[in-house]
Protein chains: 2
Amino acid sequence: MATVSRVLNGSEKVSAATRQRVLQAIEQLQYTPNASAKALRSRRTTLLGVVIPAVSSIYYLELLKGIENTAIESDYNLIICDAQNSSLREIEYMKLLSSRRVDGFIIINTLMPEEEVAGLARRGFPFVLIGRVVKSANVSSIVVANRSGAAQAVEHLIRHGYKRIAYIRGMFHPDDEERFATYRKVLAEHGLSFDPQLVERGHFTEEGGAQALQRLLQKTEFSAVFAANDEMAIGAMEKARQLGIRVPEDLAIVGFDNIRLARHVVPGLTTVDMPKYQLGAMAAKKLLETLGNEHIVYERVVLKTELVVRQSCGCG
Amino acid sequence: MATVSRVLNGSEKVSAATRQRVLQAIEQLQYTPNASAKALRSRRTTLLGVVIPAVSSIYYLELLKGIENTAIESDYNLIICDAQNSSLREIEYMKLLSSRRVDGFIIINTLMPEEEVAGLARRGFPFVLIGRVVKSANVSSIVVANRSGAAQAVEHLIRHGYKRIAYIRGMFHPDDEERFATYRKVLAEHGLSFDPQLVERGHFTEEGGAQALQRLLQKTEFSAVFAANDEMAIGAMEKARQLGIRVPEDLAIVGFDNIRLARHVVPGLTTVDMPKYQLGAMAAKKLLETLGNEHIVYERVVLKTELVVRQSCGCG
DNA sequence: GCCTTCTGTGATATCGATTACACCAGAATC
DNA sequence: GATTCTGGTGTAATCGATATCACAGAAGGC
């Protein structure tokens with residue numbers, strides 16, 4: 001009935017008497033409005049789709065919390081999809097979510113090819129990227145200052161006298177590209193030559209970091225390691241311990257992300273702090289803004305990082 | 001059009017020719033079925049609601065992963081709600097989710113009063129509890145063997161000669177009650193008297209564990225601590241370090257949960273492993289079963305725990 | 001007292017997929 | 001050749017909330 005709808009959705013013109021009667025009936029019948037019907041008619045689901053590369057990583061918890069808390073303030077709920085590190089599954093999920101007619105998407109650290117993302121933008125899906133910038137398309141992105149963050153880390157090591165600094169890369173990810181490029185740039189700025197022997201890759205995991213360190217040790221000598229994320233830095237640290245290499249005396253280690261573990265490992269991991277909660281909150285805020293407005297402003301928000309000095313770099 | 005529906009939902013009777021034409025049209029028009037309409041008509045959303053006390057805790061990540069992976073196999077998506085440790089918010093969310101007509105709920109470590117849970121059951125909501133048993137209602141629960149887990153921990157300490165074993169409780173949670181009761185029971189079984197001076201409470205957080213240890217130290221003497229969860233155990237461990245108390249030489253510490261951190265702190269935390277992924281997966285499986293069947297079997301599934309001995313108990 | 005202007009309320013169409021039902025062509029049966 | 005059957009297709013009702021419209025009755029103006 002129309003009047004019920006009027007009562008529920010901010011009364012336009014309902015008399016106090018009927019409002020009372022309606023509310024009473026609602027109470028008695030334990031009536032709960034049907035969101036599907038509402039969504040069908042109003043063309044809004046008040047749902048946001050969140051695509052995460054892998055729920056398993058702690059890294060994403062804070063992000064998620066930032067998104068959730070911001071979304072719920074505007075009465076939006078989240079459908080969370082775990083792509084299990086597969087860009088194919090990401091695309092599958094995007095289809096599924098668009099079938100569910102979510103009002104918008106937040107896509108975290110996507111592995112999708114640029115063309116795929118641009119395609120989504122062209123089809124008019126409202127979405128915001130976290131941790132990825134796509135220049136060829138009209139998209140809003142929330143990212144951290146990878147360049148300045150990596151620069152902080154490498155400069156810190158150089159300032160404290162380290163000259164041969166190895167770098168453990170991740171696997172083909174834009175964040176990694178930027179951090180690696182900065183590593184090279186900072187070396188050059190300080191008159192240090194770049195040695196490709198000093199670079200290895202891992203899968204952003206502890207295991208990957210441990211293996212990368214081992215390969216590096218077989219190839220050459222160095223006194224410091226900068227890893228593209230904390231997981232790999234911690235993996236490298238454990239491998240070093242196993243091999244009897246003292247950290248930081250024999251080998252300084254610096255990571256990136258400042259995950260919770262970084263504070264607890266021994267020695268404490270020096271790392272670049274990333275405002276994870278903020279990243280999620282900003283993305284949700286930006287997305288919700290664009291949903292309301294007719295006129296959309298695409299923008300790239302870059303959040304500042306901060307170097308957290310602990311013991312693993314030996315500079316404490 | 002009816003034929004399109006027939007093509008999409010496992011053709012009953014459609015000729016190969018028309019099927020082709022329909023599929024081609026779908027392709028051309030980039031047609032995506034509207035899940036809201038489907039849900040409205042079929043009275044099924046293929047959505048599950050998940051209510052978590054607080055997304056912030058790492059503990060829940062593995063759980064979530066177990067739920068998600070199991071749900072997606074049956075084409076169910078998850079709406080995740082973070083109750084921020086408030087049972088009022090839990091109830092709010094339950095209303096919201098039932099308005100969204102989710103097909104079922106998974107309620108994790110709920111703080112809701114028993115009557116509230118029983119009420120949900122009476123109203124016929126299909127749901128499964130994780131980490132909570134409600135005897136007065138027809139509900140399925142997936143829990144861990146708190147009693148045998150706590151017994152493993154305490155017996156391990158007693159077997160290795162510890163006599164004054166302190167216990168750090170959490171805040172009014174069924175898990176905690178069971179673990180505490182078991183602590184007392186095991187002490188009694190081994191002829192050790194229970195000393196209320198040896199018990200303090202924390203908020204299941206590191207900070208809480210640290211403060212509880214401090215209060216304990218002011219009251220009495222003891223050589224071992226069993227904490228109701230790892231977070232508190234780790235907090236206590238750090239507090240001990242700050243106070244110059246050596247772990248495990250001066251003080252043995254044992255936790256519960258086996259969170260990822262437990263392996264990384266120094267000394268490694270001896271703890272009771274909880275099959276977190278399994279817990280989530282079983283809950284989702286159980287829920288999906290009940291959704292299909294007319295005839296529902298309520299059951300309580302108890303998953304086994306396992307003591308993981310590391311260095312913090314000094315028995316390695 | 002007649003006409004206009006509100007104000008509040010019920011009736012109706014709509015969103016898009018599903019489903020029961022009607023229908024029709026062509027095959028099968030007598 | 002007339003009748004029955006069957007596989008395939010279109011028609012229309014339905015799910016529940018909302019938006020538009022129409023209309024009854026009250027209030028106000030001349």
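Every chain is numbered from 1, with letters handed out A, B, ... down the list of sequences. All values below were derived from every heavy atom in this structure, side-chain atoms included, with hydrogens, water molecules and symmetry-related copies excluded.
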- Please lay out, stage by stage, how B:Tyr60 and B:Asn109 fare under the test side-chain contact (heavy atoms from CB on, under 4.5 Å). CA-CA 10 Å; B:Tyr60 299 110; B:Asn109 285 0; 3.4 Å; yes

- Query: Reckon B:Lys38 has a side-chain N or O less than 4.0 Å from the OP1 or OP2 of C:dT18?
  - Reply: yes

- Message: Under 4.0 Å, counting only non-hydrogen atoms across every strand here, what does B:Thr3 touch: a base, just sugar-phosphate, or nothing?
- Response: sugar-phosphate

- Task: Before accepting this row, confirm whether a basic side-chain N of the pair B:Arg122/B:Glu115 lies closer than 4.0 Å to the acidic partner's carboxylate O.
- Result: yes

- Charged N to carboxylate O under 4.0 angstrom, B:Glu231 versus A:Arg260? yes

- Item | Euclidean distance, atom CZ of residue B:Arg44 to atom P of C:dT18 [Å, nearest integer] | 11 Å

- Expressed in angstrom and rounded to an integer, what is the separation of B:Arg43 atom CZ from D:dA17 atom P? 10 Å

- Query: Given atom CZ of A:Arg101 and atom P of D:dA17, what is their separation to the nearest angstrom?
  - Reply: 20 Å

- Inspect the contact between A:Glu299 and A:Lys286 and indicate whether a charged nitrogen and a carboxylate oxygen are less than 4.0 angstrom apart. yes

- Taking CG from B:Leu40 and C1' from D:dT18, how many angstroms apart are they, rounded to a whole number? 12 Å

- Interatomic distance, B:Ile26 CD1 vs C:dA17 C1' [rounded to whole Å]: 12 Å

- Task: Take B:Arg21 and A:Ala37, find for each the nucleotide of DNA chain D with the closest heavy atom, and name the residue whose nucleotide sits nearer the 5' end.
- Result: B:Arg21

- Query: Under 6.0 Å from the NE2 atom of B:His203, do we count more than 12 heavy atoms belonging to anything else shown?
  - Reply: no

- Ignoring hydrogens and angles, answer whether the base of D:dG8 and the side-chain atoms of B:Arg6 contain a donor-acceptor pair closer than 3.5 Å. no

- Length of the OH-P vector between A:Tyr31 and D:dG16, whole Å: 10 Å

- Query: Checking all strands, does B:Thr18 fall into the base, sugar-phosphate, or nothing category for heavy-atom contacts under 4.0 angstrom?
  - Reply: sugar-phosphate

- Task: Write down the distance between CZ (A:Arg100) and P (C:dC15), rounded to a whole number of angstrom.
- Result: 23 Å

- Item | Whole-Å distance separating the CG atom of A:Leu8 from the C1' atom of C:dT9 | 16 Å

- Note on the structure: Residue pair A:Ser42/B:Arg41 against DNA chain D: nearer the 5' end by closest nucleotide is B:Arg41

